[in-house]
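Quick notes on the structure that follows.
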Amino acid sequence: DVQLVESGGGLVQAGGSLRLSCAASGSPVDDYAIGWFRQAPGKEREVVSCISSSDRSSSDQSPYYAESVKGRFTISSDNAKNTVDLQMNSPKPEDTAVYYCAAAGYACYMIWGDRGDAYDYWGQGTQVTVSS
């Protein structure tokens, strides 16, 4: 099993930047596909990005990004630190949400778009608030 802990959330101005980190313990983060999700009040949880393990197949074009964050957010993994980060550049007020990282035993290309049921392990979440 893997345990996940998010950090780095907070208050940021629109147009600024924020970096979220997902620290894994218990297993190498590279054993899993790691997804970042978010849930805003009154809205359904949505996937933001997904990155597969380094031995991904040629069918896997990860990382994947939701259209709403493409070009602004970047997901990256650091196997030495056992972390997966989400760099948020030029955030918008509509990016305000609780952000979660999650681990799945499937490659991203197999589960891209899944709302979370394919992911077995979840962090506790970190709040991101973007002010206008």
Side-chain angles (χ1 to χ4, degrees):
D1 291 3
V2 63
Q3 294 79 47
L4 304 173
V5 178
E6 304 92 339
S7 62
L11 176 64
V12 61
Q13 277 194 323
S17 64
L18 197 65
R19 190 175 185 90
L20 306 183
S21 187
C22 175
S25 61
S27 292
V29 70
D30 202 38
D31 283 356
Y32 302 90
I34 301 297
W36 278 96
F37 290 78
R38 67 186 181 187
Q39 188 164 21
K43 294 188 176 181
E44 293 186 345
R45 182 173 60 197
E46 61 174 346
V47 63
V48 174
S49 184
C50 185
I51 187 166
S52 293
S53 65
S54 57
D55 65 345
R56 63 181 68 94
S57 76
S58 59
S59 300
D60 194 317
Q61 300 299 307
S62 70
Y64 294 86
Y65 297 95
E67 286 299 320
S68 59
V69 306
K70 198 172 289 185
R72 300 187 297 120
F73 292 9
T74 303
I75 192 171
S76 61
S77 63
D78 188 327
N79 292 337
K81 294 182 180 179
N82 218 27
T83 58
V84 175
D85 290 355
L86 184 70
Q87 178 68 40
M88 304 171 60
N89 293 333
S90 301
K92 304 175 181 179
E94 51 264 43
D95 295 321
T96 295
V98 178
Y99 283 71
Y100 302 87
C101 63
Y106 301 95
C108 290
Y109 80 97
M110 301 174 70
I111 57 176
W112 178 244
D114 184 275
R115 291 184 176 179
D117 290 343
Y119 294 77
D120 298 313
Y121 307 99
W122 291 81
Q124 82 289 350
T126 186
Q127 175 71 46
V128 172
T129 303
V130 184
S131 63
S132 56

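Computed from a prediction, not measured in an experiment: that's the story for all the values here. What you see below is based on every heavy atom in this structure, not just the backbone, and it leaves out hydrogens, waters and symmetry mates.
Hydrophobic clustering, with ILVMFWY side chains joined whenever heavy atoms are under 4.5 angstrom apart, keeps Tyr64 apart from Val29. At a threshold of 4.5 Å between side-chain heavy atoms, the hydrophobic network of Ile, Leu, Val, Met, Phe, Trp and Tyr places Phe73 and Ile51 in one connected group. Under the 4.5 Å side-chain heavy-atom criterion for grouping Ile, Leu, Val, Met, Phe, Trp and Tyr, Ile111 is not connected to Tyr65 through any hydrophobic cluster. Under a hydrophobic-cluster definition in which Ile, Leu, Val, Met, Phe, Trp and Tyr are linked whenever side-chain heavy atoms come within less than 4.5 Å, directly or via other members, Tyr121 and Met110 are assigned to different clusters.
Cys22 contributes atom SG, which lies 4.5 Å from atom CG of Leu4 (distance to the nearest 0.5 angstrom). The structure places OG of Ser90 at 7.0 Å from CZ of Arg72, a figure rounded to the nearest 0.5 Å. Residue Arg115 holds its CZ atom at 9.5 Å from CD of Glu46, rounded to the nearest 0.5 Å.
For the pair Asn82 (side chain) and Pro28 (backbone), a donor-acceptor distance under 3.5 Å is absent. No donor-acceptor pair closer than 3.5 Å links the side chain of Glu94 to the backbone N or O of Pro91. A donor-acceptor pair is defined here as one N or O able to donate and one able to accept, closer than 3.5 Å; such a pair exists between the side chain of Ser52 and the backbone of Cys108. A donor-acceptor pair under 3.5 Å is absent between the side-chain atoms of Ser49 and the main chain of Ile75, judged by distance alone. Judged by distance alone, with hydrogens and angles left aside, the side-chain atoms of Glu6 form no donor-acceptor pair with the main-chain N or O of Leu20 at under 3.5 Å.
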Derivation of the side chain to side chain contact (heavy atoms under 4.5 Å, CB included) call for Met88 and Val48: CA-CA 11 Å; Met88 304 171 60; Val48 174; over 6 Å; no
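Residue Tyr106 qualifies as open at atom OH: its count of foreign heavy atoms under 6.0 Å is 12 or below. Enclosure of atom CD in Gln13 is not indicated, since only 12 or fewer non-hydrogen atoms of other residues, nucleotides or ligands lie within 6.0 angstrom.
When all heavy atoms are compared, the tightest approach of Ala118 to Ala104 is O-CB, 3.5 Å. Nearest heavy atom pair, residue Gln127 against residue Ala97, reads NE2-O, 3.5 Å. Contact record, Trp112 with Val47: CZ3-CG2, 3.7 Å, taken as the closest heavy-atom pair. The shortest heavy-atom contact between Ala103 and Ile34 is CB-CD1, 3.7 Å. The nearest pair of heavy atoms linking Gly105 to Asp120 is N-OD2, 4.3 Å.
With sequence neighbours excluded, the residues that form a salt bridge (Lys or Arg N to Asp or Glu O under 4.0 Å) with Lys70 are Glu67. Evaluation of the ring-ring contact (aromatic ring centres under 6.0 Å, His included) rule for Tyr99 yields no partner, not counting sequence neighbours. Take Val5 and apply the side chain to side chain contact (heavy atoms under 4.5 Å, CB included) test, not counting sequence neighbours, and it matches Gln124. When the salt bridge (Lys or Arg N to Asp or Glu O under 4.0 Å) test is applied to Arg19, the partners found at least two apart in sequence or on another chain are Asp85. Judged as a ring-ring contact (aromatic ring centres under 6.0 Å, His included), and not counting sequence neighbours, Tyr109 has no contacts.
No option in Thr96, Leu86, Leu18 other than Leu18 meets the side chain to side chain contact (heavy atoms under 4.5 Å, CB included) test with Val128.
Residues Asp30 and Ser77 are not in side-chain contact: their nearest non-hydrogen atoms beyond the backbone lie 4.5 Å or more apart. Here the side chains of Tyr32 and Ser27 are in contact, with some heavy-atom distance below 4.5 Å. Within the 4.5 Å cutoff, the side chain of Ser7 has heavy atoms near those of the Ser21 side chain.
Donor-acceptor pairing under 3.5 Å is lacking for the side chains of Tyr119 and Asp114.
Ring pair Trp122/Phe37 is tilted by interplanar angle, where 30° to 60° counts as tilted.
Applying the salt bridge (Lys or Arg N to Asp or Glu O under 4.0 Å) test to pairs two or more places apart or on separate chains, none has a residue in residues 53-63.
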